[in-house]
Amino acid sequence: MNLITRAEWHAKKPSANYTHLSSTRGVKIHYTGGRVQDDLPESGNHDHCAELVRAIQRMHMSGGRGETYIDLGYNMVACPHREIFMGRGPHVLPAANGAGLNSGHYAVLALIGSSGFTEPNDDLLNGLVDAIEYLREHGDAGHEVKGHRDGYDTSCPGDPLYRWVHQGAERP
């Protein structure tokens, strides 16, 4: 697994202390919910992944979706180059699963959207599995893998990723 630290992707510091999680039932998979450029998976475009993660962090911390978070709402982010960005990390309460649902599962974002790049490639799926395994090993995540829409009224993580989750979230 290629893990990109918060320092390496130039993350802003959280605006408050994180809430500790000792363990979770598992992981919930998310997508950006917006347009992701069609050519993001191309090998020369990995720099755009870090830009996208920083933009999402800025949006979360500025209240761009109606709620202001102390940091990026996800524990980890997988990109279509099989690289993993450290978000809040293991043993930290996410902010992305929905009110009352964050303590049950870690949140892992896939850099894939509802338009543009919408069909996950093998590197993105492998990266998601890498992030899940990392959270199991380092964050005491249980074996559940669900989509954000499981228990919350949303289209997230999109139909292609949701099918993958319900087919067992296995490596391609």
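Keep in mind it's a predicted model, so treat the numbers as computed, not measured. Numbering of residues begins at 1 and proceeds along the displayed sequence.
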**Study point:** Residues forming a side-chain contact (heavy atoms from CB on, under 4.5 Å) with A131, sequence neighbours excluded
**Key:**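 Partners of A131 under the side-chain contact (heavy atoms from CB on, under 4.5 Å) test: M76, I84, V108.
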
Exercise for review: Sequence neighbours left out, what passes side-chain contact (heavy atoms from CB on, under 4.5 Å) with V92? Give chain and number order.
Suggested key: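 V92 satisfies side-chain contact (heavy atoms from CB on, under 4.5 Å) with Y18, N75, R88 once adjacent residues are dropped.
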
Review point. Considering residues at least two apart in sequence or located in another chain, which fulfil the side chain to side chain donor-acceptor pair (under 3.5 Å) criterion with E8?
Key: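 Scan of E8 (side chain to side chain donor-acceptor pair (under 3.5 Å), adjacent residues dropped) gives T5.
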
Taking all atoms of both residues into account, what is the closest heavy-atom pair of [X] and [Y], and its distance?
X	Y	value
T118	G113	CG2-O, 3.3 Å
G127	A78	C-CB, 3.9 Å
P90	G139	CB-CA, 3.6 Å
L40	C49	CD1-SG, 3.8 Å
L125	P120	CD2-CB, 3.7 Å

Exercise for review: Give the C-alpha distance, both sets of side-chain angles, the deciding distance and a yes or no for side-chain contact (heavy atoms from CB on, under 4.5 Å) between N97 and H30.
Suggested key: CA-CA 9 Å; N97 293 332; H30 297 254; 2.7 Å; yes

Would you give the length of the straight line joining atom [atom1] of [X] to atom [atom2] of [Y], rounded to the nearest 0.5 angstrom?
X	Y	atom1	atom2	result
L52	C79	CG	SG	10.0 Å
K28	N102	NZ	CG	8.5 Å
D38	E119	CG	CD	12.0 Å
L161	I29	CG	CD1	7.5 Å
E144	I132	CD	CD1	12.0 Å

Using only atom types and a distance under 3.5 Å, with no angle test, would you say the side chain of [X] pairs donor to acceptor with the backbone of [Y]?
X	Y	answer
H60	Y69	no
W9	M86	yes
S23	A141	no
H10	A50	no
R6	K12	yes

Review point. Which residue pairs pass the ring pair (Phe, Tyr, Trp, His ring centres under 6.0 Å) test when at least one of the two sits in residues 89-131, sequence neighbours left out?
Key: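 Residue pairs passing ring pair (Phe, Tyr, Trp, His ring centres under 6.0 Å), neighbours aside: H20-H91.
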
Pairwise side-chain contact, [X] with [Y], heavy-atom cut-off 4.5 Å (strictly under):
X	Y	result
S103	L21	yes
V36	L111	no
P80	D123	no

Practice item. List the steps, then state whether side-chain contact (heavy atoms from CB on, under 4.5 Å) holds for L72 with V77. Key: CA-CA 10 Å; L72 179 73; V77 180; 3.9 Å; yes

Exercise for review: Tell me yes or no: between the side chains of N45 and H81, is some donor less than 3.5 Å from an acceptor?
Suggested key: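 No, no side-chain donor-acceptor pair sits under 3.5 Å.
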
Practice item. With side-chain contact (heavy atoms from CB on, under 4.5 Å) as the test, would you mind laying out the steps for L128 and V27 before giving the verdict? Key: CA-CA 10 Å; L128 288 168; V27 173; over 6 Å; no

Point to revise | Single hit among M59, R58, Q57 for side-chain contact (heavy atoms from CB on, under 4.5 Å) with M61 | key: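 Passing option: Q57.
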
Practice item. Considering only Ile, Leu, Val, Met, Phe, Trp and Tyr, and joining two whenever side-chain heavy atoms are under 4.5 Å apart, list the other residues clustered with L101. Key: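 Y152, which link up through side-chain heavy atoms under 4.5 Å apart, make up the rest of the cluster.
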
Point to revise | Same apolar cluster: I70 and F85, side chain cutoff 4.5 Å | key: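 No, because I70 and F85 fall into different hydrophobic clusters, even though each may have its own neighbours under 4.5 Å.
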
**Study point:** Derivation of the side-chain contact (heavy atoms from CB on, under 4.5 Å) call for R136 and H143
**Key:** CA-CA 8 Å; R136 286 177 178 158; H143 288 285; 3.7 Å; yes

Exercise for review: Keeping to residues at least two apart or across chains, list the side-chain hydrogen bond (donor to acceptor under 3.5 Å, both in side chains) pairs with something in residues 155-172.
Suggested key: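 Applying side-chain hydrogen bond (donor to acceptor under 3.5 Å, both in side chains) to every pair that reaches into residues 155-172, excluding sequence neighbours, yields Y31-S155, N126-R171, D130-R171, E133-R171, R149-D159, D150-Y162, Y162-H166.
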
Exercise for review: Check the surroundings of atom CG in N17: do more than 12 heavy atoms from other residues, nucleotides or ligands lie under 6.0 Å from it?
Suggested key: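 Counting other residues, nucleotides and ligands, CG of N17 stays at 12 neighbours or fewer.
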
